[in-house]
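Okay, so here's the structure we're looking at.
No hydrogens, no waters, no symmetry mates; every other heavy atom, side chains included, goes into these values. The residues of the chain are indexed from 1 along the displayed sequence.
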Amino acid sequence: MAHNIPFSFATCSIGKPTDSLPAKLEALSEAGFHAVELAFPDILSYAKELRGEEVAEDDYEALREVAKEIRGVCDRLDVKVMMLQPFANFEGWPEGSKEREDAFKRAKGWISLMEVLGCDMLQVGSTDTPLSSLSKTPSLHEHIIYDLQQLSDLLSTHNMRLAYENWCWSSHSPDWASVYHLIKAVDRPNIGLCLDTFQTAGAEYADPTAPDGLVPTTDGKANLSTSQKFSASLARLTKTIPADKIYLLQVSDAYRADPPLEDKVVEGMRPRARWSHDYRPLPYTEGGYLPIEEVGRAVLGTGFRGWFSMEVFDGKRRDVDLKGYAREGMESMTRFVERCSS
């Protein structure tokens, strides 16, 4: 089955800040990846490289020119920009607030870049803005649905899609079920799930603040272990989500945090956000402990056969040979799909 699954790799997941975007793309292309998730910070870095100075993140006129250059490199290397990411802290701002106005301006700017890049999918992560800062009327849940409807409709006018992801440290929707509930309520044909092995397991199975790295078992009625409860959740995922509402599966493992992370906000980041930032290796390479194959099997069980995309953030391996790491990524992804398919 592995050869039927298209593979992608996130540009933010390879190399160090000083590595050029074209060099990353060349390494990934040579390794056999023919699509990437393009990270917006990589556009900004390449803009600085081309122009010799910083380009403001909202200077979309200048960034569109940079996007044309990126499109040219991608075309030469036969690499598709499958998705633009990460679009964060979009939904739930109070009506009439400066934050909500800025969020929609950013959406329009990113869409203009997607048009140049030949990209039709925008990743949006479930916001981690504190609930106290978000809308109170008529209800936060209804307001989030409305915002996502507005964004879906805006994307639809450009024949684009919204891939909504449950970030496991989200303030309102940290797991697959809560995000899928929102997607159903939004009820638009061009919104679907960006599932992620790390985010799925990180919300319900793993806890970087616990000594054993696991979510505590608190279900006294059924007396189920963490693994049993997570398996039951994945069984529901397979039965619940239609394949056409999954737009991609992002793949990474995680290190157990040793020592455990402090259970507090540090520099604006919750523990799981800090864990996500530095503790996510390629599968099968550095001793991850998440049940990622179980997640992969659950997703394939829906009938989904779309993009599997590697998105890793490994603080132990920032300074790596690009081409060697890209080859490792292809070997890791191929092994993952083969094992999930067996």
Requested in this report: Go through the structure and list residues passing salt bridge (Lys or Arg N to Asp or Glu O under 4.0 Å) with K316, not counting sequence neighbours.
Outcome: none

Do [X] and [Y] pair up side chain to side chain, a donor and an acceptor below 3.5 Å, judged on atom types alone?
| X | Y | answer |
| --- | --- | --- |
| E328 | Y284 | no |
| D175 | S178 | yes |
| Q250 | S309 | no |
| E165 | Q85 | no |
| T127 | T129 | yes |
| H143 | E91 | no |
| E294 | S231 | yes |

Would you say the ring centers of [X] and [Y] fall short of 6.0 Å from each other?
| X | Y | result |
| --- | --- | --- |
| H181 | H141 | yes |
| F40 | W110 | yes |
| F7 | F308 | no |

Between [atom1] on residue [X] and [atom2] on residue [Y], distance to nearest 0.5 Å:
| X | Y | atom1 | atom2 | result |
| --- | --- | --- | --- | --- |
| F9 | L28 | CZ | CG | 6.0 Å |
| L84 | L38 | CG | CG | 5.5 Å |
| E30 | L322 | CD | CG | 10.5 Å |
| E37 | D42 | CD | CG | 11.5 Å |
| I145 | L182 | CD1 | CG | 6.0 Å |
| I43 | E69 | CD1 | CD | 13.0 Å |

Side-chain donor or acceptor of [X] paired with backbone N/O of [Y] under 3.5 Å:
| X | Y | answer |
| --- | --- | --- |
| R188 | L162 | no |
| T200 | T197 | no |
| D207 | L214 | no |
| Q149 | V186 | yes |
| S342 | R339 | yes |
| N190 | M160 | yes |
| T238 | L234 | yes |
| R272 | P208 | no |
| T334 | M330 | yes |
| N166 | C168 | no |

Linking I/L/V/M/F/W/Y whenever any side-chain heavy atoms sit under 4.5 Å apart, do [X] and [Y] land together?
| X | Y | answer |
| --- | --- | --- |
| F313 | L195 | no |
| L63 | V116 | no |
| V179 | Y247 | no |
| Y164 | M83 | no |
| Y146 | W93 | no |

Heavy-atom closest pair, residues [X] and [Y]:
| X | Y | value |
| --- | --- | --- |
| S152 | I191 | OG-CB, 3.7 Å |
| L25 | T11 | CD2-CG2, 4.2 Å |
| S173 | S170 | N-OG, 3.1 Å |
| G15 | V320 | N-CG2, 4.4 Å |
| L151 | A107 | CD1-CB, 3.8 Å |
| R270 | V265 | CG-CG2, 4.3 Å |

Tell me, do [X] and [Y] make a side-chain contact under 4.5 Å, heavy atoms counted?
| X | Y | answer |
| --- | --- | --- |
| L282 | D314 | no |
| S29 | E26 | no |
| L300 | S341 | yes |
| S13 | M310 | no |
| V251 | E311 | no |
| P130 | S171 | no |
| Y46 | K24 | no |
| C119 | M82 | no |

Query - Plane angle bin for Y289 and Y205 - parallel if under 30°, tilted between 30 and 60°, otherwise perpendicular - result: tilted

Query raised in the report: Do R280's NZ or CZ and the ring of Y255 fall within the cation-pi criteria of under 6.0 Å and 45°?
Result: no

Query - Candidate pair E57 and R106, rule side chain to side chain contact (heavy atoms under 4.5 Å, CB included), full reasoning - result: CA-CA 9 Å; E57 62 182 30; R106 183 160 46 103; 5.8 Å; no

Whether [Y] and [X] form a salt bridge (side-chain N of Lys/Arg under 4.0 Å from carboxylate O of Asp/Glu) is what I want to check.
| X | Y | result |
| --- | --- | --- |
| E331 | R335 | no |
| R71 | D75 | yes |
| E53 | R51 | no |
| D147 | R100 | yes |
| E204 | K229 | no |
| K98 | D102 | yes |

**Report entry** ring-ring contact (aromatic ring centres under 6.0 Å, His included) against F104, all qualifying residues, sequence neighbours excluded
**Finding:** F90

Query raised in the report: Step by step, would you call V55 with K48 a side chain to side chain contact (heavy atoms under 4.5 Å, CB included)?
Result: CA-CA 6 Å; V55 175; K48 182 179 179 181; over 6 Å; no

Requested in this report: Assess whether side chain to side chain contact (heavy atoms under 4.5 Å, CB included) is satisfied between D19 and I14, documenting all intermediate values.
Outcome: CA-CA 9 Å; D19 286 320; I14 183 171; over 6 Å; no

Requested in this report: Only pairs at least two apart or in different chains count here, so list each salt bridge (charged side-chain N to carboxylate O under 4.0 Å, His left out) that has a residue in residues 111-128.
Outcome: D120-R161

Requested in this report: For the pair W176 and R236, evaluate side chain to side chain contact (heavy atoms under 4.5 Å, CB included) and give the outcome as yes or no after the intermediate values.
Outcome: CA-CA 10 Å; W176 71 263; R236 289 193 296 274; 4.1 Å; yes

